[in-house]
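The structure appears below as C-alpha cells.
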There are 2 protein chains.
Amino acid sequence: MTAEGSSGGNRRYDPDRKARIIEATLEVIAVQGVSGTTHRRVAEAADVPLGSMTYHFASLNDLLKQAFLKLTQEITHHFDAAFQKAQTADEAREVVVDVMCGWYAMTDRKMTLILELYAYVARNPQTRHVMTGWMAKSREALERHFSPAVAASLDAMIEGATIHNFMHPDGISRDAARVIVAKLSS
Amino acid sequence: MTAEGSSGGNRRYDPDRKARIIEATLEVIAVQGVSGTTHRRVAEAADVPLGSMTYHFASLNDLLKQAFLKLTQEITHHFDAAFQKAQTADEAREVVVDVMCGWYAMTDRKMTLILELYAYVARNPQTRHVMTGWMAKSREALERHFSPAVAASLDAMIEGATIHNFMHPDGISRDAARVIVAKLSS
DNA sequence: TTGCGTTATGTACGTTTGTACGCATAAGTC
DNA sequence: GACTTATGCGTACAAACGTACATAACGCAA
C-alpha cells in the first residue's frame, strides 16, 4: 500500500520527485538552453505539476544552480573513475588522451550542458564555487600522477581540446593528442 | 542642418543606428546573458525605440547572430594584430604567452561574451560557421609561425588556459605559460 | 508649394513568463 | 472512527515577452 499506491490519475507520494526534476532540468537546458528553460517546460519534462516547481525550489535560479551542481558531480565522478584505473604514469597519459578526444561519456549533450554552465557561472559569480570545486577535483585526480604544474597544463589542454573538437569535428586526432600529452608531461 | 539636427525629443536620421544596436546587444548579453536579452532591454541600452528592433533585424535570433559575429570579428582582429607584430618564432611564442594569461584586451566582459557565444552555438548548429570561421582565422595566424600540428595544440591550450584563468584567478602564471609554450612548440 | 515613396516608430495583441496562495489530501495520533 | 498537522498542487495574476502593422515623419522630384 505504501509503494505503487497511485490511486488513479492524480499522483501522490513520489520521493524521488526532486531528483527527477533536477534531471529533467538538465534535459531541458541541453535542448533549449538556459534561456529556454522555464518552470513549465521542466515540469512537463519531469511529468510533475507546475506547483511542484515552486514547492521544491525557491526560484528558477535555485533550480538551475542545483542542476548544474549535479552535472559537475557526475562529470567529476566519471573523471575520477577513469584515473583511478590508471596505475602507471603511461596509463594515466593514455587516459588524458582518451579524455581529450572522445572522452568516456562526453556526448554532444553533455558538452552543450558544460558550455551552458560556463556561461551561467560567468554571469552569476555567486555560483563560481561550483566551477572551482570541479576544477579542484580534476586537478586533484591529475596530481596523483603528475606534478602540480604539469597537472595544471594538462587540465587546461583537456579543456581547450574538448571544446575545439566539439566545435570543429576533426580538430585534434588521437595520435596528435598523444604527442601533445607526451610533450606536456615530459 | 543635416548633422546634429535633432529637432527636439524624437530623433530622426541616425545612420549608425544598426551598428549601435548591435553594440548594445553585446552589452546586454554581457550583463544579462542571452537568456536575459530582450528587444526591450536592447532598445533601452541603445536608446532607440522598440520599433527599431524589428525594423532592422528580422528576429531576436537574427540580432544575436549578428552581435556574435561582430564579437568574433573584433577578437580576430586583435589576435591577428598581435601576431602580425611578431617577427621571430620566439616573439610569436611570447605573444602566445601574452594571450594565454592576461590577453591583450580579454576583460571579464569579453570572456563572458565568448562563453555565451559557445553556449549559443552549441544549441544553434546553423550558426556554427561563426565559430569555425573564427577558429580558422586563429589557426591561420598561428600557422604563420608554427607547424599545423603545433598551431592546433597552441590554439587549444590558449582556449583552455584562458577559460581556466577566468574561472580560477591564479590558474596558470606567466612563467608557467612560458614553459608550456616552449614544450608544445618544440 | 504639392505629391509621392521610403524610412522609421508608437502602439496594440496574443502568449508566455515567474511566482504566490488557498485548498485538497495525505500521514500521524489518539 | 475523529481530529490535527504537514505536505503537495491547481489555479490565478500581473508583468514582460516577441512580433505585426497602421501611420507618422522624412527626402526628394516636380
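Within every chain, numbering begins at 1; the chains are lettered A, B, ... in the order of the sequence lines, protein sequences first and strands thereafter. The figures that follow rest on heavy atoms only: side chains count, while hydrogens, waters and symmetry mates do not.
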> By side-chain contact (heavy atoms from CB on, under 4.5 Å), which residues pair with A:Gln73, not counting sequence neighbours?
Replying inline: A:Leu69

> So, is B:Ser52 close to the C:dA8 phosphate, meaning a side-chain N or O under 4.0 Å from OP1 or OP2?
Replying inline: no

>> Other residues, nucleotides and ligands only: do more than 12 of their heavy atoms fall within 6.0 Å of CD on B:Glu91?
In response: yes

> How would you list, by chain and number, every residue that makes a ring pair (Phe, Tyr, Trp, His ring centres under 6.0 Å) with A:Tyr120, sequence neighbours excluded?
Replying inline: A:Phe68

> Do A:Glu74 and A:Lys70 sit within salt-bridge range, that is, some charged N less than 4.0 Å from a carboxylate O?
Replying inline: yes

> Using 4.0 Å as the upper bound for N to carboxylate O, is an ion pair formed by B:Asp98 and B:Arg174?
Replying inline: yes

> Where along residues 56-70 of chain B does a heavy atom come under 4.0 Å from DNA chain C, residue by residue in number order?
Replying inline: none

> Given B:Ser52 and B:Arg17, is the side chain to side chain donor-acceptor pair (under 3.5 Å) satisfied, shown in steps?
Replying inline: CA-CA 9 Å; B:Ser52 283; B:Arg17 174 158 298 192; 3.1 Å; yes

> How is B:Ser35 classified with respect to the nucleic acid when contacts are heavy atoms under 4.0 Å: base, sugar-phosphate, or nothing?
Replying inline: nothing

>> Can you tell me which nucleotide in D:dC21, D:dG8, D:dT11 comes closest to the side chain of A:Leu50?
In response: D:dT11

>> Among C:dT9, D:dG18, C:dT17, which nucleotide has an atom closest to any side-chain atom of A:Thr38?
In response: C:dT17

> Could you give the OH-to-C1' distance, from B:Tyr55 to D:dA25, as a whole number of Å?
Replying inline: 12 Å

> Any idea which of C:dT17, D:dC9, D:dC17 is nearest the B:Arg40 side chain?
Replying inline: D:dC17

> Within this structure, what is the NE2-to-P distance between B:His39 and D:dT19, rounded to whole angstrom?
Replying inline: 5 Å

